[in-house]
Participant: 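My questions all concern the structure below.
Heavy-atom basis, side chains included; hydrogens, waters and symmetry copies ignored. Residue indices begin at 1 and follow the sequence shown.
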Amino acid sequence: MAYMAALKFIDAGDQGRSSDQIRDDIGAELAKDLPEEAREAGFGINPDKLASIVGSYDIKTLKKLGGVEGLAGKLRVSSNEGVKSSDVSVRQNIYGSNKFTEKPFRSFWTFVWEALHDLTLVILIVCAVVSIGVGLATEGWPKGTYDGLGILLSIVLVVMVTAISDYRQSLQFRDLDKEKKKISIQVTRDGSRQKVSIYDLVVGDVVHLSIGDLVPADGIFIAGYSLLIDQSSLSGESVPVSISEKRPFLLSGTKVQDGSAKMLVTTVGMRTEWGKLMETLSEGGEDETPLQVKLNGVATIIGKVGLGFAVVTFLVLIVRFLVNKATHHHITQWSSSDALTLLNYFATAVTIIVVAVPEGLPLAVTLSLAFAMKKLMDNKALVRHLSACETMGSATCICTDKTGTLTTNQMVVDKIWICEKAKKVENGGSADAITDLSESAQDLLLQAIFHNTAAEVVKDKDGKKYVLGSATESAILDYGLLLGDIDDKKKDCKLLKVEPFNSAKKRMSVLVGLPDSNTRAFCKGASEIVLKMCDKFIDCNGEIVDMSEEQATNITNVINEFADEALRTLSLAFKDVGDGYQENNIPDSGYTLVAVVGIKDPVRPGVKEAVKSCLAAGITVRMVTGDNIHTAKAIAKECGILTDDGLAIEGPEFRNKSPDEMRQIIPRIQVMARSSPTDKHVLVKNLRGMFKEVVAVTGDGTNDAPALHESDIGLAMGIAGTEVAKESADIIVLDDNFSTIVNVAKWGRSVYINIQKFVQFQLTVNVVALMINFISACASGSAPLTAVQLLWVNLIMDTLGALALATEPPHDGLMSRPPVGRDVSFITKTMWRNIIGQSIYQLAVLLAFNFAGKQILGLEGSDSTMVLNTFIFNTFVFCQVFNEINSRDMEKINIFRGIFGSWIFISVMLATVVFQVIIVEFLGTFASTTPLSWQLWLLSVLIGAVSLIVAVILKLIPVEKEAPKQHDGYDLVPDGPERA
């Protein structure tokens with residue numbers, strides 16, 4: 001770039017000039033080509049040149065500008081006050097908005113065009129056009145065009161219904177995509193902290209980053225502690241980069257692995273390094289789900305069978321036609337009507353292929369998943385990957401967090417142990433709880449709370465103070481604020497180093513420079529871990545004394561007592577650091593214990609019922625938490641997770657077990673406490689590897705990403721979860737509620753069952769349509785169902801059938817059966833029983849009418865063949881309508897349960913019947929039908945309705961079921977009155 005050369009030229013002439021002169025020269029160079037609007041607004045730097053400083057890690061230019069403060073001056077912003085809300089639109093106009101260029105949305109006509117690319121439909125269009133040409137030559141206008149136009153109209157109908165269905169799905173996925181992109185970030189604007197969408201960020205914004213955040217734009221580090229950034233998404237390097245004043249550049253799309261910081265946004269949207277990368281990448285589509293892959297295989301096999309039938313039917317019709325001509329000695333005489341007959345045979349054969357190829361199978365999966373995803377979105381679960389919804393239906397185990405998932409995450413300090421006394425903290429009366437403490441003990445408690453916290457006291461737009469931070473941090477800070485003033489305690493103190501809380505260490509430590517020039521370390525975290533770091537404590541007189549083993553045991557008993565009351569316990573400690581302090585290390589021993597805090601976090605309403613529902617459904621629930629084992633057991637018992645024969649184990653004990661010992665204990669583990677992310681990962685890996693379980697795992701932290709990735713279904717928390725966890729997850733639980741997870745499992749099962757219902761329905765239609773045309777062609781030389789009629793049947797069967805059966809809402813009975821195993825055949829013995837039984841009934845009736853219909857119905861006259869064929873077609877369609885109702889439940893006799901709760905099903909049924917009446921009564925010219933008498937209509941409907949009675953008889957025939965095996969080889973105990 002020319003301006004980079006200019007900067008180097010300025011660089012070369014730096015000697016002998018003051019820093020102000022250098023800054024002015026660089027400022028002038030960076031302000032070149034600045035839009036007039038930007039100059040008037042007082043900005044002093046060109047957007048592209050600003051982007052280049054960060055993108056090329058140009059630390060020299062940054063320093064010459066006066067560092068981050070000098071750059072903030074050019075951007076007319078203060079790092080303490082942030083951007084003024086009134087400036088946001090001006091900044092967006094000059095520096096751009098934080099949005100990436102998206103692929104244009106596909107229009108409805110694109111879907112129509114795609115639907116027209118189906119090979120069999122193209123062949124039929126060619127047949128129809130040839131048919132019109134031959135028909136006009138032989139029979140003239142308009143009679144000669146009816147057959148061809150009938151096929152073309154049917155194709156238009158099939159194409160439009162398919163396109164509408166696909167277009168509606170794409171609209172649903174677009175809505176879900178918008179939900180996925182709803183990410184908020186903390187910024188300082190107008191001097192106060194607030195949450196804004198990452199898409200509303202502007203250049204000059206001061207962004208607050210913490211563990212698990214995605215860096216939302218390119219920017220420069222202002223201040224922070226122990227900031228580690230994972231840049232693998234941009235550079236491919238897995239080693240995290242440490243960011244500080246020496247290396248201050250932060251890039252969009254990278255992840256905060258550790259620490260916290262304030263960042264000045266310098267580049268947004270397509271000018272960021274991530275934006276440039278996104279421009280070069282094409283958007284990848286959603287992969288096919290396992291069920292879609294499985295059904296594509298089924299569809300291919302059925303398609304090949306259909307192709308075989310079509311070829312044989314066509315050959316039989318041709319041979320019979322030629323034999324007929326030969327017997328009448330017309331083999332040498334050919335007319336255009338013969339050509340039309342052969343063309344109709346070919347069209348029928350092609351249409352058999354259209355009917356046989358069940359393109360509705362993958363469509364049914366997508367429809368069902370899209371419908372489930374939309375409903376789950378309304379029920380606070382955002383499905384990020386289609387396959388997860390399907391897999392969740394097969395889940396045999398859920399490994400869940402405790403805090404915020406099983407509990408409400410609304411925490412308050414309930415008890416405190418300090419100066420050898422345990423005190424109950426009454427709501428609002430916290431100040432009374434420490435009136436009998438010495439001044440020094442009270443002072444140390446407040447120091448331990450106020451200095452060592454990841455929460456902040458911030459002001460909103462109205463100047464009102466509130467606490468911002470995680471639920472645990474906020475509870476302790478709120479408690480401290482009731483006892484004293486935070487500003488008073490932090491005045492003249494300097495924060496020297498911070499080690500943020502992480503789930504491996506289970507503690508947070510800070511180093512503070514006090515006003516008297518002494519340095520003090522504060523530590524807060526898991527009670528027993530911090531207790532082991534202490535060798536002193538504050539006694540009942542407020543004096544610091546050595547801790548004996550007996551006193552350590554007494555304090556451990558206090559911790560356990562708190563935990564047994566389902567309280568989350570944390571210990572607060574401090575240590576005065578002498579001259580021997582090394583800058584990079586906060587001490588990890590020799591502390592003085594100040595207090596043990598018990599925090600109350602009530603169990604969510606409805607969790608106990610949800611756990612019970614899981615157990616009834618054959619899904620094991622395991623609690624995996626970082627909390628104390630006594631707290632975890634108390635909550636697990638309250639939720640119904642921990643039973644008398646279940647095992648509660650601590651992470652350190654679990655990780656030291658040998659593989660053989662793990663094999664013995666894993667089936668019994670119901671609670672794992674004090675677990676690290678590695679323990680969670682090992683548990684999930686062994687459940688899947690050793691025991692072939694289908695595992696769903698919840699996670700909220702950055703360190704949960706490996707376990708979420710390892711699991712079959714990763715569930716991230718929408719409220720407490722970090723962006724990194726959400727990115728690794730398949731489903732985001734927007735309300736962090738365990739009941740929502742159970743709801744996802746219920747919908748997952750519903751998807752699987754709905755697709756089975758549809759496959760049962762479709763295979764029955766397939767078998768009957770193929771066999772009746774094939775047998776009739778072989779026996780009589782003509783096919784009773786014409787191309788147009790078969791296309792209508794294909795529409796009922798594929799798109800409308802999928803719409804009706806694949807969108808049925810779940811019922812509670814789904815959660816009273818065991819999960820479907822990984823290797824279980826998709827088409828079950830029950831389905832085969834129903835398919836074969838209904839096919840035999842339909843074929844018997846339709847073939848009887850095909851060969852002896854005129855005698856049975858007493859039909860006479862020149863139009864008797866047309867009436868009979870119309871009656872067969874009408875009866876065939878009504879058999880499918882009633883069989884579709886049968887397919888609503890494959891095992892239960894009552895198929896009408898909840899039918900009025902599924903308005904889509906009712907609508908499809910009504911639409912099918914209405915359109916069938918129109919085809920038979922009014923579109924005879926195109927569909928080769930003739931109006932029927934009311935008696936024949938009634939008979940058609942009654943024959944169709946008999947399939948309901950056939951279904952009841954079939955369901956009384958017992959089918960051998962595969963007993964699901966538990967992982968240890970024992971059969972499951974019967975799980976309800978039906979199975980018992």
Side-chain angles (χ1 to χ4, degrees), residues 120-121 123-125 127-132 134-136 139 141-162 313 317 340-341 343-355 765 768-770 772-773 776-777 782-801 846 849-850 853 857 859 862-881 910-934 936-937 939-941 943-944:
T120 46
L121 289 184
I123 295 169
L124 279 178
I125 290 168
C127 286
V129 171
V130 174
S131 173
I132 290 170
V134 176
L136 283 171
E139 297 178 57
W141 173 268
K143 202 178 175 189
T145 62
Y146 291 154
D147 282 353
L149 282 177
I151 295 174
L152 286 177
L153 283 172
S154 304
I155 290 167
V156 167
L157 187 65
V158 169
V159 165
M160 291 309 283
V161 172
T162 308
T313 306
L317 289 170
L340 196 59
T341 305
L343 191 67
N344 284 339
Y345 288 164
F346 182 68
T348 303
V350 172
T351 314
I352 286 174
I353 299 171
V354 174
V355 174
V765 189
V768 177
L770 289 177
I772 191 165
N773 264 13
S776 179
S782 66
L785 300 175
T786 66
V788 174
Q789 291 167 2
L790 282 173
L791 281 169
W792 167 233
V793 169
N794 184 60
L795 189 65
I796 297 175
M797 195 173 77
D798 276 351
T799 313
L800 296 178
L846 296 173
F849 281 113
N850 188 52
L857 300 171
L859 297 175
S862 58
D863 65 343
S864 60
T865 305
M866 177 69 101
V867 171
L868 178 63
N869 283 346
T870 304
F871 172 76
I872 290 171
F873 166 58
N874 203 37
T875 306
F876 176 62
V877 168
F878 274 100
C879 280
Q880 308 327 315
V881 169
L910 288 172
T912 306
V913 172
V914 167
F915 210 77
Q916 178 65 15
V917 171
I918 293 168
I919 284 176
V920 170
E921 296 296 318
F922 306 107
L923 296 178
T925 339
F926 299 110
S928 309
T929 58
T930 188
L932 297 175
S933 65
W934 69 266
L936 289 178
W937 268 104
L939 186 59
S940 286
V941 174
I943 291 169

Participant: I would like to know whether Tyr345 and Thr313 meet side chain to side chain contact (heavy atoms under 4.5 Å, CB included); could you show each step before the answer?
Facilitator: CA-CA 9 Å; Tyr345 288 164; Thr313 306; over 6 Å; no
Participant: Mind checking what makes side chain to side chain contact (heavy atoms under 4.5 Å, CB included) contact with Leu859, not counting sequence neighbours?
Facilitator: Lys854, Leu857, Ser864, Val867, Leu868
Participant: Report the residues that fulfil side-chain hydrogen bond (donor to acceptor under 3.5 Å, both in side chains) with Thr875, sequence neighbours left out, ordered by chain and then residue number.
Facilitator: Ser940
Participant: Under the rule for side-chain hydrogen bond (donor to acceptor under 3.5 Å, both in side chains), what residues qualify as partners of Ser933, not counting sequence neighbours?
Facilitator: Gln935
Participant: Go through Ile943 and Phe871 one step at a time and tell me if the side chain to side chain contact (heavy atoms under 4.5 Å, CB included) criterion holds.
Facilitator: CA-CA 11 Å; Ile943 291 169; Phe871 172 76; 4.0 Å; yes
Participant: For residues Met866 and Ser928, report the shortest heavy-atom separation together with the two atoms involved.
Facilitator: SD-O, 3.3 Å
Participant: Rounded to the nearest 0.5 Å, what's the gap from CG on Leu846 to CZ on Phe873? Could you check?
Facilitator: 12.0 Å
Participant: Suppose we screen for side chain to side chain contact (heavy atoms under 4.5 Å, CB included). Which residues come up paired with Thr912, at least two apart in sequence or across chains?
Facilitator: Trp792, Ile796, Leu800, Val881, Val908
Participant: Show, in sequence, the C-alpha distance, side-chain angles and deciding distance for Ile872 and Ile772, and conclude whether the side chain to side chain contact (heavy atoms under 4.5 Å, CB included) test is met.
Facilitator: CA-CA 10 Å; Ile872 290 171; Ile772 191 165; 4.2 Å; yes
Participant: Would Ile918 and Leu923 count as a side chain to side chain contact (heavy atoms under 4.5 Å, CB included) here? Give the steps.
Facilitator: CA-CA 6 Å; Ile918 293 168; Leu923 296 178; 4.0 Å; yes
Participant: Can you list the residues that meet the side chain to side chain contact (heavy atoms under 4.5 Å, CB included) rule with Val156, with sequence neighbours excluded?
Facilitator: Met160
Participant: Please report the closest heavy-atom contact between Trp937 and Leu932, naming both atoms and the distance.
Facilitator: CD1-O, 3.5 Å
Participant: Tell me the closest heavy-atom pair linking Ala927 and Gln789, and the distance in Å.
Facilitator: O-NE2, 3.1 Å
Participant: Would you please name every residue forming a ring pair (Phe, Tyr, Trp, His ring centres under 6.0 Å) with Phe876, sequence neighbours left out?
Facilitator: none
